[in-house]
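Heads up, the thing below is written out as structure tokens.
Within every chain, numbering begins at 1; the chains are lettered A, B, ... in the order of the sequence lines, protein sequences first and strands thereafter. What's counted below: heavy atoms across the whole structure, side chains too, no hydrogens, waters or symmetry copies. Because the structure is predicted, anything quoted here is derived from the model rather than measured.
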Protein chains: 2
Amino acid sequence: MASKYDRIADDLRRKIRNGELSPGARLSAETTLMEQYKVSLPTMRSALAVLRAEGLIESRHGHGTYVRELRQPVWRTNERYQWEKNRVRADQNERRKTGATEHDTGLTVDDLEFAASYDDSETADESLAKAFGVPIGTRLLRRTYQTRSRRENSPLSIAESYLLYDMVKTNPDLLDEENEPWPGGTQHQLSTIGIELDRIVDEITARPPRGQEAETLDVPTGVSLIMLRKISIDTQDRVVEVSDIIMPGDRYELRYTTPLERWS
Amino acid sequence: MASKYDRIADDLRRKIRNGELSPGARLSAETTLMEQYKVSLPTMRSALAVLRAEGLIESRHGHGTYVRELRQPVWRTNERYQWEKNRVRADQNERRKTGATEHDTGLTVDDLEFAASYDDSETADESLAKAFGVPIGTRLLRRTYQTRSRRENSPLSIAESYLLYDMVKTNPDLLDEENEPWPGGTQHQLSTIGIELDRIVDEITARPPRGQEAETLDVPTGVSLIMLRKISIDTQDRVVEVSDIIMPGDRYELRYTTPLERWS
DNA sequence: GAGTGGTCTAGACCACTGT
DNA sequence: CAGTGGTCTAGACCACTCC
């Protein structure tokens with residue numbers, strides 16, 4: 001331990017933490033830093049690589065190296081699920097006004113760009129088969145959603161939602177991506193085929209982005225991904241939807257409220 | 001894009017995904033790979049650095065480079081909170097038997113090593129003051145917990161729990177770390193000063209480990225940290241405990257069940 | 001064109017792990 | 001001891017951004 005680049009990284013990390021280098025500030029050029037710290041360029045660069053991996057700095061080619069700014073977090077709460085359920089029974093005008101993402105972020109429909117695409121040729125792999133409790137190979141409807149803020153380039157999140165094809169085909173409207181965005185969202189879509197949700201189970205984990213993901217989500221190295229699998233279970237205890245949602249960890253915070261039964 | 005090291009990383013990533021290189025397998029030595037791919041050593045090393053950052057491989061000095069094995073995830077569910085609350089009213093023998101971590105992991109008390117330390121000289125910083133709804137500088141009791149499996153070196157998690165000093169001092173037993181592990185956990189501790197919890201709010205985010213954290217948690221680069229702030233609110237709507245819990249993302253999965261009200 | 005970060009090389013030496 | 005990955009150097013050239 002205590003290699004040269006480690007000590008340099010420690011020094012810069014300290015300067016960032018105590019505000020000597022504030023968010024948005026530009027660091028000196030690599031060649032300048034290399035002279036300041038009296039090391040070679042590759043060594044200086046590996047010191048910066050450490051901080052980049054920690055998400056503390058960001059380098060822009062031909063531009064400079066900057067202290068990362070904290071992005072305002074978007075909240076995703078589990079209260080949205082009950083809110084969505086209540087909205088299913090509201091009239092269509094009310095449903096059209098806002099979606100669940102707006103509920104979370106406080107942004108209006110106009111701020112958000114929404115893209116959906118459907119694919120009805122998907123079949124269940126091992127993981128999905130287990131989640132749904134069906135055999136591997138069962139036909140699914142896969143729906144891909146991208147939400148992005150109009151003010152920024154990077155998507156807020158990417159979601160893949162899976163429905164059992166045989167279950168939803170009874171309402172052909174549900175198979176057509178042209179009907180997106182569907183006022184009232186998935187819970188309302190399911191209600192058109194007589195499904196009422198009993199509970200939603202969220203499974204959460206986190207890992208670094210891999211290869212292509214970093215590009216499609218446009219996250220720099222140094223940002224973790226929050227992986228959320230959302231499993232919707234109806235009043236007959238059937239798994240009716242499985243959704244895999246990917247969120248950049250520097251943009252999102254999840255909030256779950258767990259009520260407890262009273263003693264008295 | 002499509003630099004040499006990127007193409008090499010892509011190739012190796014593909015080999016890992018399709019099983020040509022299975023978990024635990026040892027890659028050829030860097031010098032061998034460098035000849036195979038006809039690049040210089042530093043270039044070969046930066047290809048490996050990419051995969052290391054993605055958590056796909058792990059290098060052991062003087063030993064070799066290996067495909068990371070998937071570790072069996074430990075589940076942490078929000079059902080534990082109600083389970084803990086129920087246990088407060090169980091008798092002491094029952095309470096002594098198991099703790100919440102055992103509830104989650106399925107491991108028994110004997111498998112787990114538990115370390116607690118108290119510090120009653122802590123005061124609330126901005127973030128904690130806001131969470132508790134008290135002025136900055138308010139005296140707190142800080143309790144640090146480390147849980148580790150006896151079979152492994154790395155801690156399962158690190159938790160820092162904060163209580164309002166003036167609130168808990170009425171029971172001096174709560175100020176003494178020698179009483180840990182306390183049968184029945186924090187909810188039982190709070191019950192000794194007349195506190196009943198109404199709900200628990202979990203705030204979750206994820207980010208890469210920074211400098212020292214990587215060492216104390218003994219996680220390689222390429223593992224994300226799940227940061228969980230748990231806020232306990234009592235029946236009088238007071239925030240009575242705030243806990244910051246750090247979990248390695250490759251070991252943990254969180255599961256939250258949200259029940260929905262019925263329509264009928 | 002000037003200044004920046006990104007890629008790549010060839011080679012030296014050190015530090016750790018096993019036998 | 002041999003084999004492995006880790007650190008560091010000196011220097012060349014490329015690619016991007018802004019003026």
Would you list the atom pairs, donor with acceptor, under 3.5 Å between side chains in residues 29-36 of chain B and any protein atom, with sequence neighbours excluded?
unit_1   : atom_1 : unit_2   : atom_2 : d
Glu30(B) : OE1    : Arg45(B) : NH1    : 2.9
Glu30(B) : OE2    : Arg45(B) : NH1    : 2.6

Between [atom2] on [N] and [atom1] on [X], what's the gap in Å once rounded to a whole number?
X	N	atom1	atom2	value
Arg7(B)	dC8(C)	CZ	C1'	12 Å
Tyr66(A)	dT17(D)	OH	P	12 Å
Met44(A)	dA10(D)	CE	P	15 Å
Met34(B)	dA10(C)	CE	P	8 Å

**OP:** Kindly write out the residues that satisfy side-chain contact (heavy atoms from CB on, under 4.5 Å) with Glu54(A), not counting sequence neighbours, or none if the list is empty.
**Re:** Arg13(A), Val50(A), Leu51(A), Leu56(A), Arg210(B)
Would you please name every residue forming a salt bridge (charged side-chain N to carboxylate O under 4.0 Å, His left out) with [X], sequence neighbours left out?
X	answer
Glu213(B)	Arg207(B)
Asp250(A)	Arg68(A), Arg71(A)
Arg26(B)	none

Original post:
On the ring face of Tyr252(A), is Arg76(A) found with NZ or CZ under 6.0 Å from the centre and within 45° of the axis?
Top reply: no
Original post:
If only side-chain N and O atoms of Ser40(B) are considered, is one of them under 4.0 Å from the OP1 or OP2 phosphate oxygen of dT9(C)?
Top reply: yes
Subject >> Base-contact (B) and sugar-phosphate-only (S) positions in nucleotides 1-7 of chain D, heavy-atom cut-off under 4.0 Å, - elsewhere >> reply: --BBBSB
